[in-house]
Amino acid sequence: MYQDPTTTIEHLYSGTPVYRNELIGLLKCNDPYILDLLYKKADLVRQEIYGTDVYIRGLIEFTNYCKNNCYYCGIRRDNKAVVRYRLTTDHIMSCCEEGYNLGFRTFVLQGGEDGYFTSDKICHIVRSIKSAYPDCAVTLSVGEWSRSDYQAFFDAGADRYLLRHETACEEHYRKLHPSEMSLEKRKECLFNLKDIGYQIGSGFMVGSPFQTLDNLVDDIFFLAKLKPHMIGIGPFITHKDTPFSGEKSGTLDMTLKLISILRLSHPKALIPATTALGTIHPNGRELGLKAGANVVMPNLSPVDVREKYTLYDNKLSTGDEAAQSLESLKTSIANAGYEIVVDVGHSKVDK
Ligand code: 5AD
């Protein structure tokens with residue numbers, strides 16, 4: 001049954017169950033008036049829950065070694081052009097110190113799946129940060145581990161965990177990842193993390209190679225089932241040294257549409273306007289906020305390693321993406337009608 005996109009927006013807004021063909025219709029829609037309505041409704045919902053507050057997270061990319069070989073990712077194992085690096089605990093602690101003084105109250109430790117960082121080492125880093133900054137949240141984004149490792153990180157004090165599912169469709173997953181990786185395992189990790197008590201974040205890339213509109217609806221439905229506290233989505237961006245070097249990047253419009261749909265479906269979720277969105281469009285981050293996002297994640301990694309953490313081409317790491325330019329970020333966000341707050345910024349999603 002065909003539904004006009006305005007009715008679909010109303011259904012999303014009122015929490016009425018939305019069917020696959022309705023979502024496909026909305027994802028296909030390019031009418032600027034209807035899209036404007038979608039963004040406005042998403043912004044309204046965001047403002048009802050979070051006002052105009054924008055939470056900031058200090059991103060520390062502490063290793064770019066990775067044992068995985070995802071076809072889309074610039075730090076994949078087989079990319080020999082990457083100069084690999086690891087930060088020491090001291091280095092990580094000085095990033096946190098700088099971040100704390102700038103007003104950050106959440107630190108996101110992100111890295112490739114690097115065997116050097118054993119579970120014990122990660123626990124040690126988490127404990128060090130939590131004892132120095134007990135008023136801050138620590139978010140881990142370090143990939144797939146066993147349930148007992150996740151439990152150990154949690155017991156060491158980690159509050160949140162980011163693990164994008166990347167795509168909820170098995171057939172599509174197989175086209176993005178080599179055979180040693182598994183979607184089932186990914187999903188199991190997410191449910192384990194949630195069960196342990198983390199605030200969890202998941203998400204996917206928009207416009208990744210071979211992605212269909214049906215795949216995107218699968219992603220929306222998967223997130224509806226998972227009910228994560230945080231949802232990170234951004235456009236796929238080509239990286240020149242990956243098997244997908246000849247593929248097209250995702251678009252601003254499709255990413256904004258999905259941010260709004262996800263905001264309407266998850267009113268209380270934390271949704272970042274991602275670096276990838278800021279990379280494909282000069283105003284991407286502000287447009288993301290206007291479409292329902294409420295988090296930004298500036299880079300706190302040491303300047304000399306930033307260009308080595310290249311998940312995709314032209315990744316922003318200076319200007320407003322750099323934590324050190326917080327003043328300028330505050331201004332651009334204020335110009336968009338929002339306000340950066342110094343706050344730990346927990347999700348309001350019910351446990
Ligand atoms: N373009 C956009 N996002 C990417 N990621 C990895 N490679 C790319 C790319 N080429 C995203 C993945 C991963 C997150 C850390 O970065 O979704 O989960």
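When the side chains of ILVMFWY residues are joined at heavy-atom separations under 4.5 Å, either directly or via intervening members, L140 and F191 end up in a single hydrophobic cluster. In this structure, L256 is a member of the same hydrophobic cluster as V54, with clusters built from ILVMFWY side-chain heavy atoms closer than 4.5 Å. Under a hydrophobic clustering in which Ile, Leu, Val, Met, Phe, Trp and Tyr are joined whenever their side-chain heavy atoms come within less than 4.5 Å, directly or via other members, L262 and L163 fall into the same cluster. Following chains of ILVMFWY side-chain contacts shorter than 4.5 Å, one can reach I220 starting from L12, so the two form part of one hydrophobic cluster. Under the 4.5 Å side-chain heavy-atom criterion for grouping Ile, Leu, Val, Met, Phe, Trp and Tyr, V138 is connected to I60 within one hydrophobic cluster.
Although no hydrogens or angles enter the test, the distance criterion places no donor-acceptor pair under 3.5 Å between the side chain of K41 and the main chain of E10. Using modelled atom types, one side-chain atom of Q211 and one backbone atom of G207 make a donor-acceptor pair closer than 3.5 Å. The backbone N or O of H91 sits less than 3.5 Å from a side-chain atom of T88, completing a donor-acceptor pair. With R46 contributing its side chain and P267 its backbone, the two residues share no donor-acceptor pair below 3.5 Å.
F62 and F117 have their aromatic ring centers within a separation under 6.0 angstrom. Ring centroid separation for the pair Y161 and Y150 comes in under the 6.0 Å cut-off. Aromatic ring centres of F210 and H172: separated by at least 6.0 Å. The aromatic ring centroids of H229 and Y198 lie 6.0 Å or more from each other. Separation of the Y100 and Y133 ring centroids falls under the 6.0 Å cut-off.
Considering all non-hydrogen atoms of both residues, A273 and A293 come closest at N-CB, 3.7 Å. Of all heavy-atom pairs between V142 and W145, the closest is O-NE1, 3.0 Å. Contact record, M297 with T275: O-OG1, 4.3 Å, taken as the closest heavy-atom pair. Minimum interatomic distance between T255 and I233 (heavy atoms only, all atoms of both residues): O-CD1, 3.9 Å.
Within the model, atoms SG of C70 and CE of M205 stand 8.0 Å from one another, a figure rounded to the nearest 0.5 Å. Rounding to the nearest 0.5 Å places OH of Y39 at 10.0 Å from CD1 of I9. Atom OG of residue S119 and atom NZ of residue K121 lie 11.0 Å apart, to the nearest 0.5 angstrom. Atom-to-atom distance recorded for I280:CD1 and F236:CZ is 11.5 Å, nearest 0.5 angstrom.
No more than 12 heavy-atom neighbours from other residues, nucleotides or ligands sit within 6.0 angstrom of NZ on K248. Summarising the local packing, CG of N314 is surrounded by 12 or fewer heavy atoms from other residues, nucleotides or ligands at distances under 6.0 Å. Atom CD of E170 has more than 12 neighbouring heavy atoms from other residues, nucleotides or ligands inside a 6.0 Å radius.
A salt bridge does not link E61 to R306: none of the charged nitrogens lies less than 4.0 Å from a carboxylate oxygen. No salt bridge links E184 with K187; every basic N to acidic carboxylate O contact stays at or beyond 4.0 Å. Ion pairing of D218 with R20 is present here, as a side-chain N (NZ or NE/NH1/NH2) and a carboxylate O approach within less than 4.0 Å. Salt bridge annotation for R86-D114: present, with a cationic side-chain nitrogen under 4.0 angstrom from a carboxylate oxygen. At a threshold of 4.0 Å, the pair R77-E180 counts as salt-bridged, since one of the basic side-chain nitrogens sits closer than that to a carboxylate oxygen. Using a 4.0 Å cut-off between charged nitrogen and carboxylate oxygen, R147 and E188 do not count as a salt-bridge pair. Under 4.0 Å is where a charged nitrogen must lie from a carboxylate oxygen, and between E286 and K290 no such pair does.
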Next on the checklist: As a quick check of understanding, evaluate salt bridge (charged side-chain N to carboxylate O under 4.0 Å, His left out) for D159 and K130, giving each step before the final call.
Outcome noted: CA-CA 10 Å; D159 305 271; K130 290 295 282 195; 2.8 Å; yes
Item to check | CA sep, side-chain torsions, deciding dist, call: Y13, L44, side chain to side chain contact (heavy atoms under 4.5 Å, CB included) | outcome: CA-CA 10 Å; Y13 182 65; L44 192 69; 3.4 Å; yes
Next on the checklist: What verdict does the salt bridge (charged side-chain N to carboxylate O under 4.0 Å, His left out) test give for E327 and K330, after you've listed the backbone C-alpha separation in whole Å, the side-chain angles of each residue and the deciding distance to 0.1 Å?
Outcome noted: CA-CA 5 Å; E327 284 311 313; K330 276 184 188 158; 3.5 Å; yes
Next on the checklist: Applying salt bridge (charged side-chain N to carboxylate O under 4.0 Å, His left out) to D36 and K40, what does each step give before you reach the verdict?
Outcome noted: CA-CA 6 Å; D36 199 50; K40 292 229 161 74; 2.7 Å; yes
Next on the checklist: What verdict does the ring-ring contact (aromatic ring centres under 6.0 Å, His included) test give for H165 and F222, after you've listed the backbone C-alpha separation in whole Å, the side-chain angles of each residue and the deciding distance to 0.1 Å?
Outcome noted: CA-CA 9 Å; H165 64 280; F222 173 70; 4.7 Å; yes
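Put simply, the side chain of V295 reaches to within 4.5 Å of the side chain of L270, judged on heavy atoms. When side chains are defined from C-beta on, I261 counts as touching L27, because their heavy atoms get closer than 4.5 Å.
Y71 does not carry K175 over the face of its six-membered ring by the limits of under 6.0 Å from the centre and within 45° of the normal.
Of the N and O atoms on the side chains of S249 and T238, at least one donor lies less than 3.5 Å from an acceptor on the other residue. Between the side chains of D253 and T251, no donor N or O sits under 3.5 Å from an acceptor N or O. A donor atom on one side chain and an acceptor atom on the other are found under 3.5 Å apart for S301 and N299. There is no side-chain donor-acceptor pair under 3.5 Å between Y173 and N215. Side chains of S332 and N335: no donor on one and acceptor on the other come within 3.5 Å. With 3.5 Å as the limit, one finds a donor-acceptor pair spanning the side chains of R160 and H346.
Applying side-chain hydrogen bond (donor to acceptor under 3.5 Å, both in side chains) to Y338 and the options D43, N294, D53, T52 leaves one that passes, D43. Under the side-chain contact (heavy atoms from CB on, under 4.5 Å) test applied with L277, the options L287, V206, I259, L289 reduce to a single match, I259.
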